Every structure is written in C-alpha cells, then in structure tokens.
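Each remark here refers to the structure printed beneath this line.
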Protein chains: 2
Amino acid sequence: MGHNPTIADVAERAGVSKGTVSAVLNDKSSVSDATRKRVRDVIKAMNYRPRASAQHLLQGDGDRTIGLVIKEDDNPYYAGVIAGVRRVAGPRGYVLLVASSEGSSEAEHRVVEAMAAKDVSGLIITPALGEEADVTHLFELKRRNIPFVLLERIRGIQSHIVDIDNVLAARDAVGHLIERGHSHIVHFAGPPYSAHSQERVEGVRRGFSESSLVFRDEFIVPTGAHMEDGYETGLAYFRACGADRPTAVTCYNDLVAIGLLRALRELGLRVPDDVSVVGCDDLPLMDYLGTPLTSVRIPKEEMGAAAAEILIRHLEAEEPPPLEKVTLDAEVVVRASTTDLASADRAA
Amino acid sequence: MGHNPTIADVAERAGVSKGTVSAVLNDKSSVSDATRKRVRDVIKAMNYRPRASAQHLLQGDGDRTIGLVIKEDDNPYYAGVIAGVRRVAGPRGYVLLVASSEGSSEAEHRVVEAMAAKDVSGLIITPALGEEADVTHLFELKRRNIPFVLLERIRGIQSHIVDIDNVLAARDAVGHLIERGHSHIVHFAGPPYSAHSQERVEGVRRGFSESSLVFRDEFIVPTGAHMEDGYETGLAYFRACGADRPTAVTCYNDLVAIGLLRALRELGLRVPDDVSVVGCDDLPLMDYLGTPLTSVRIPKEEMGAAAAEILIRHLEAEEPPPLEKVTLDAEVVVRASTTDLASADRAA
DNA sequence: ATGAAAGCGCTAACAA
DNA sequence: TTGTTAGCGCTTTCAT
C-alpha cells in the first residue's frame with residue numbers, strides 16, 4: 001500500500017473502532033485483554049506507528065525546544081557554545097537539539113526547515129556563508145514567526161544577533177606579535193563559508209595598518225578550519241618559503257594552529273624559537289598542549305548563553321520584543337607559543 | 001489570554017475566515033492586498049504562530065529525521081560517531097538531530113521523549129547508565145513502535161545494538177604494556193554512567209589475569225571522561241604515590257590521557273621515559289600532540305555508520321526486521337607515549 | 001477575493 | 001467494554 005497505515009486502517013483490520021485502538025495505544029485499562037491482544041497484533045502486523053504530530057497536538061505548550069545549528073561537528077569551539085546555551089536553556093525547561101550544516105548553506109537550509117517542521121520553539125543559528133547568499137530559510141522563519149538568534153552577522157537579514165568583534169580579535173593577535181618585534185607575520189585564513197573568517201582577515205589587515213609594517217596580500221594564506229588544514233598548509237607553506245620564512249603565524253582558529261604546530265615540529269622548526277604561533281578561540285585544550293598555545297579568547301559560553309537568553313526572552317514575551325544586537329569582546333591569552341623577538345635577539 | 005492564539009483567533013480579530021488567513025500564511029495569490037495587509041497586521045499584533053504539527057500533518061512522509069543521543073558534547077569521540085551516521089544518513093535523505101544527555105539518565109529520558117514527540121523517524125542512542133537503571137523511555141519507544149539502535153549494550157532491553165568489545169580493547173592496552181616489560185600498571189577509569197567504562201575496567205583485570213602479574217584493586221583509579229579529570233587525578237595520584245610509582249597508565253579515554261600528560265609534564269615526569277601512557281578511542285588529535293599518544297583505536301565512524309545502516313533498513317522495511325547485534329573490533333595503535341622497559345634498561 | 005465545509009490522524013467525552 | 005461523536009489547528013476544495 002502507498003501511504004503509512006493510520007489508526008483507521010488498524011481499526012478496520014482489527015474489526016474495532018478507532019477509539020478502541022486509541023485506547024490500546026494509550027494503555028487504557030478499559031480494553032478487554034482479548035481485544036487488546038488482537039489490536040496489538042494488527043498493529044505489529046501492519047507495522048503501524050502513530051503520528052506524534054497528530055497525537056493530541058499536545059505539543060502546543062508542553063514542549064519547549066531550542067534548535068541550534070552549528071557548522072562543524074568536530075570543532076570543540078561549538079562545544080563551548082553549546083554548553084552556554086544549555087546552561088541557560090536547561091534550567092528553564094528547554095531541550096536542546098543540535099544539527100550541523102558542515103558549512104554548507106544548502107545543508108543549513110534543509111536542517112532549518114526540518115527543525116521548523118518539527119516545531120521547535122526557536123532557533124540559534126551559526127549561518128554558513130553561501131556563494132549565493134541563500135538566506136531564504138531565514139526569511140521563511142520570519143514569515144512563520146519562528147524566533148531565531150544569529151551567531152554571526154549576515155547581511156540582508158534583520159534579526160537578533162550575538163557576535164564578537166572578529167576584526168578586533170585578529171587585530172589584537174597581530175598587534176601582540178608586532179609589539180614583540182615580529183615584522184614578518186602571515187595569517188592562515190579560515191574557510192570561505194565563515195563570516196568570522198573574512199572578518200579576521202580584515203583584522204589582520206587592520207593590525208598591519210596600525211603599525212609601520214606594510215601589508216601584502218601574500219600574507220594571507222588560505223587554509224581552512226580543521227587540524228588537517230593547518231597541518232597540510234603548514235607543511236606546504238614552510239617547505240616552500242625557504243629563507244624568507246615568517247617569524248610568526250596567526251591562525252584562523254586553534255585547530256588550524258594545532259595542525260600548524262605539528263607541521264612545524266615535523267619540519268624541525270621550533271615553537272616559539274623559530275616561529276611564533278597564535279591561535280583563535282582559546283579552546284580548553286590549549287592549556288594541555290606540550291607548548292601551551294597563545295590564543296585569542298572567544299567567549300564561547302557567553303555567546304551561547306546570551307543567545308539563549310535573548311531567544312527565550314523572545315519566546316516567552318507576549319509580543320515580539322525589539323531586535324537585540326550583542327557584541328562580545330575577545331582578548332589575547334598569552335601562553336608559550338609566542339616569543340619576544342627583541343629579547344630573543346638580546347639573548348643570542 | 002491563556003493559550004496561544006490559533007488561526008481562528010486571528011480570523012476573528014481580522015474579520016475574515018480561517019481559509020483566508022491560511023491563504024495569507026501560505027502566500028497564495030488569491031488574497032487582496034488590503035486583506036493581506038490587515039491579516040498580516042493582526043498576526044503580528046497577536047504574535048501568532050502556526051503550529052507546524054497541524055499544518056497539513058504533512059510530515060508523515062516527507063520528513064526523514066534521525067535523532068542521535070550522545071553523552072558528552074565536548075568529546076571528539078562523538079564527532080567521529082556523528083560523522084559516521086551522517087555519512088550514511090545524509091545521502092539517503094535523512095536529517096540528523098543530535099542531543100546530549102551529559103551522562104544523566106534523567107536527561108536522556110527527557111531528550112528521547114522530546115525527540116519522540118517531534119516524530120523523528122528513528123533514534124540512535126548512547127545510553128547513560130542510571131543508578132536506577134531507568135530505561136522506561138526505551139520501552140516507551142518500543143511501545144510506540146519507534147525504531148532505535150543502541151550504541152552501548154544495556155541489560156534488560158532488547159534492541160538493535162552496535163558496540164565494541166571493550167573488554168578486549170582494555171585487555172589489549174594492558175597486554176601491550178606487559179609485553180614491553182611493564183609490571184606496575186594502573187588504570188584511570190571512566191565515569192560510572194558509562195557501560196564502556198565498566199567493561200574497560202573488566203578488560204584491565206583480564207589483562208592482568210592473562211599474565212603472571214597479580215591484579216590489585218588499587219590499580220583502578222576512578223577518574224572520569226574529561227581532560228580535567230585526567231589532569232586532576234593525575235596530579236593527585238602521582239604526587240601521592242611517591243617512590244612506588246607506576247611505570248605505565250592506561251586511561252579510560254584519550255581525553256583523560258591528555259589530562260594526565262599535562263599533569264605528568266607539570267610534575268616533571270617524562271613520557272614515556274618515566275611513565276608510559278595509553279589512551280583509548282584514538283582521536284584524530286592523537287597524532288597532533290607533542291608526543292603522539294598510543295591509543296586503542298575505537299572504530300567510531302564505523303559504529304555510527306553501522307547504526308545508521310541498521311536503523312534506516314528498519315525504517316524502510318515493510319515489516320520489522322530481526323534485531324541486529326554488531327560488535328566491532330578495537331586495536332592498539334602504537335605511538336610515542338609507550339616505551340619498552342626492557343630496552344630502556346638496556347640503554348641505561 | 002472570500003467564506004463555508006470537509007477532512008487530516010488522533011484523543012476525549014459520552015452513550016450504549 | 002466498546003462504538004459514536006465531536007473537536008484539536010490547520011489546509012483545501014468548492015461555492016459564491
């Protein structure tokens with residue numbers, strides 16, 4: 001048969017009424033053992049499964065759910081954000097559902113639609129930057145009056161936003177290096193699907209322009225967001241650059257930095273003696289590495305928490321509250337992977 | 001007012017019929033601009049939001065969703081499992097929704113209920129071991145005929161299962177050490193909410209019993225599943241043990257091992273010279289550490305993929321297929337964190 | 001362009 | 001114990 005069996009199909013086949021089947025389904029005591037068994041058998045035989053969406057339509061209120069859309073399952077960065085969301089959403093009785101777009105705008109579209117179809121109360125989204133800037137699903141959410149908070153600024157869409165100042169973050173990273181006497185600095189840039197990535201590149205530019213150093217396009221090395229990316233790009237780059245080797249690298253994120261660290265190690269270059277490395281995100285892991293990594297601290301938990309606060313406030317408001325824009329600050333956390341070139345010279 | 005506004009409320013307030021409101025909602029062209037505007041205004045004013053569950057009840061078929069319940073958001077182990085699930089579920093048109101129980105049986109209950117209420121097609125669950133062995137939600141799933149696959153064996157419940165042989169895994173880890181001449185080995189054990197944890201302890205026992213060494217209860221050191229746990233326990237343990245220091249530690253998982261590594265580093269103990277360390281899971285990260293970590297490879301992706309295969313097969317079968325039990329193998333991956341005691345002696 | 005009515009799959013209230 | 005009826009919030013004919 002074509003479609004899935006309904007309660008009516010079961011009722012008919014079992015020779016009882018829909019009401020009786022429903023009673024069986026809900027374990028009511030008012031059904032005779034004989035009927036119950038018969039109905040159960042039919043249910044099993046037909047592989048019948050009640051549609052939760054039709055059951056009572058109970059969800060209307062009893063069901064608080066927040067959908068969170070991230071971009072990479074394997075980046076501990078999101079674990080931080082998730083923890084923040086959970087910290088505020090949990091106590092308020094919201095269940096958290098997470099889905100990843102893996103950086104694909106199209107996948108994001110599907111995932112958001114699915115969550116909307118599932119009737120989540122609201123969404124928190126880290127939007128992927130599509131070539132085609134496909135944000136139709138976001139407009140769809142607005143049309144359907146499903147509240148959402150964005151975790152990255154995206155043009156052409158009005159919404160709640162919680163973001164950090166990536167330009168400043170990257171500028172500070174570069175600034176930190178320049179202060180310590182570095183003049184040959186390159187940036188291992190993130191993936192194109194990330195607004196953060198682009199903003200951080202801009203921040204690097206800014207860092208240069210605020211110093212006496214002159215920026216050159218080659219300082220930006222396209223890399224990615226994963227350890228592998230940092231590793232492979234690192235290997236290739238430092239093999240190729242020969243004598244004209246940079247004294248420092250700022251990375252799109254910590255994962256890339258970890259990859260780069262490995263590449264440098266394998267190439268026999270020492271960190272920070274030969275090359276200083278600074279990451280971004282400040283993952284908990286950073287303190288655990290052999291040479292703890294200097295990184296720009298992104299307030300991941302705070303971001304998640306703030307987003308959840310705003311979303312829930314919106315959800316529970318009688319009328320739609322005004323749009324909120326929150327920008328959190330990043331800050332360089334100095335560890336062992338960056339050295340002061342001046343004092344190093346002095347020492348030598 | 002008490003309950004959420006319905007389409008009828010909107011219709012009434014706007015002085016039109018439900019049908020018209022519905023038309024506006026769905027952007028039909030058959031509505032006059034004037035009416036449309038009026039309806040839209042009322043919708044906004046009432047903060048009305050259509051219930052997706054009632055809209056067409058369309059989900060019935062068009063909506064393929066797999067819910068995955070994990071136990072720790074911040075453990076890259078699950079990233080592997082997720083990748084495996086996604087690899088097979090994605091191409092088949094299933095959207096993946098992930099939720100974490102954070103090791104709490106009660107939270108797992110809530111999360112599973114929520115997913116069931118959302119009408120996910122099926123579930124893959126890493127069950128938390130509750131004190132009270134609360135598996136009522138799993139029975140609930142069976143009653144409602146919602147297929148699921150377990151990623152950890154759990155007693156008292158019949159279901160599809162994909163698991164690994166943890167006893168063997170831990171035994172091999174210990175065996176590896178014993179082969180290399182270690183005789184004082186301890187195990188940093190995992191959290192009580194994990195069956196894997198208990199099985200691995202059992203495996204350690206087994207490793208001893210298969211050698212000439214005699215096992216003692218103190219060899220099992222309760223630790224946890226996170227880096228912090230490994231770090232703190234490591235610090236405390238190695239500070240306390242004085243001269244009677246173990247030459248090797250097997251860890252519940254890689255995260256714990258990473259924490260332990262840090263502790264040893266801070267205590268001035270060298271790995272593997274002073275202490276050999278072996279982890280478990282074989283996270284991608286292991287290759288990136290300063291001293292790459294010997295670990296027991298758990299086939300994470302394969303587990304996820306196998307679970308997804310079984311689940312989807314069940315979902316798409318006309319009648320319920322027989323229960324499947326898959327057990328995958330683990331295998332020690334030797335890296336730099338374990339040394340051969342015999343040859344070390346020789347060298348000395 | 002709009003309204004009235006039927007129907008989606010289910011539960012609940014009431015008879016029988 | 002069971003069947004019948006109404007109704008949940010929405011969409012979709014079909015008149016008008």
Side-chain angles (χ1 to χ4, degrees), chain A residues 1-40 42-43 46-63 116-119 121 140 143-146, chain B residues 1-40 42-43 46-63 116-119 121 140 143-146:
Chain A
M1 69 160 59
H3 66 167
N4 286 356
T6 77
I7 202 174
D9 299 325
V10 175
E12 184 187 354
R13 188 104 100 85
V16 298
S17 73
K18 293 195 304 174
T20 304
V21 177
S22 176
V24 171
L25 250 25
N26 296 287
D27 271 338
K28 305 277 185 200
S29 54
S30 62
V31 190
S32 79
D33 285 359
T35 328
R36 165 159 308 161
K37 174 163 183 4
R38 189 149 35 91
V39 172
R40 283 239 168 89
V42 174
I43 288 181
M46 303 187 75
N47 200 15
Y48 166 74
R49 170 176 164 190
R51 284 203 205 173
S53 28
Q55 291 187 278
H56 220 178
L57 299 184
L58 50 78
Q59 346 197 184
D61 223 58
D63 154 88
K118 291 300 183 208
D119 234 348
S121 311
E140 181 70 11
R143 209 171 60 70
R144 297 174 59 173
N145 203 14
I146 302 177
Chain B
M1 67 161 62
H3 66 169
N4 287 355
T6 78
I7 202 173
D9 298 325
V10 174
E12 184 187 354
R13 187 104 100 84
V16 298
S17 72
K18 294 195 304 175
T20 303
V21 177
S22 175
V24 171
L25 250 25
N26 296 286
D27 272 339
K28 304 277 187 201
S29 53
S30 63
V31 190
S32 78
D33 285 359
T35 325
R36 164 159 308 160
K37 175 164 181 8
R38 188 151 36 91
V39 172
R40 285 237 167 90
V42 174
I43 287 181
M46 304 186 75
N47 200 14
Y48 166 73
R49 170 176 165 189
R51 286 203 205 170
S53 28
Q55 294 188 276
H56 218 179
L57 302 185
L58 49 79
Q59 347 197 181
D61 224 58
D63 156 87
K118 292 298 183 207
D119 234 350
S121 312
E140 180 69 12
R143 211 172 58 71
R144 297 173 58 174
N145 202 14
I146 302 179

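Each chain gets a letter, A, B and so on, in the order its sequence line appears, and its residues count up from 1. What you see is a predicted model; the values in this text were computed from it and never measured.
For D/dT11, one of the phosphate oxygens OP1 or OP2 lies less than 4.0 angstrom from a side-chain nitrogen or oxygen of B/Q55. For A/T6 and C/dG9, the shortest distance from a side-chain N or O to OP1 or OP2 is not below 4.0 Å.
With sequence neighbours excluded, the residues that form a side chain to side chain donor-acceptor pair (under 3.5 Å) with B/T35 are B/S32. In terms of the side chain to side chain donor-acceptor pair (under 3.5 Å) criterion, residue partners of A/S17 (sequence neighbours excluded) are, by chain and number, A/T20. A/R49 pairs by the side chain to side chain donor-acceptor pair (under 3.5 Å) definition with nothing, not counting sequence neighbours.
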How does protein reach along nucleotides 2-7 of chain D, written 5' to 3' as B (base within reach of a heavy atom under 4.0 Å), S (only sugar-phosphate), or - (no contact)? BBB---

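Once rounded to the nearest 0.5 Å, the distance linking CD1 of A/I43 with CG of B/N145 reads 8.5 Å.
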Output side-chain donor-acceptor pairs under 3.5 Å for residues 22-29 of chain B, partner residues at least two apart or in another chain, one line each.
from	atom 1	to	atom 2	distance (Å)
B/N26	ND2	B/S22	O	2.7
B/D27	OD1	B/R40	NH2	3.0

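Overall bending of the helix from C/dA1-D/dT16 to C/dA16-D/dT1, expressed as the angle between end axes built from five pairs apiece, is 40° (10° steps).
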With the criterion being N/O to N/O and under 3.5 Å, what pairs connect the protein with nucleotides 14-16 of chain C, and how long is each?
none

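For the residue pair A/D63 and A/S121, the shortest heavy atom distance occurs at O-OG, 3.5 Å.
In the set D/dT12, C/dC10, D/dG9, the nucleotide with an atom closest to the side chain of B/R51 is D/dG9.
Put simply, CG on A/D119 is 13 Å from P on D/dG9, counting in whole angstrom units.
Residue pairs that meet the salt bridge (Lys or Arg N to Asp or Glu O under 4.0 Å) test with at least one member in residues 12-26 of chain A, sequence neighbours left out, do not exist here.
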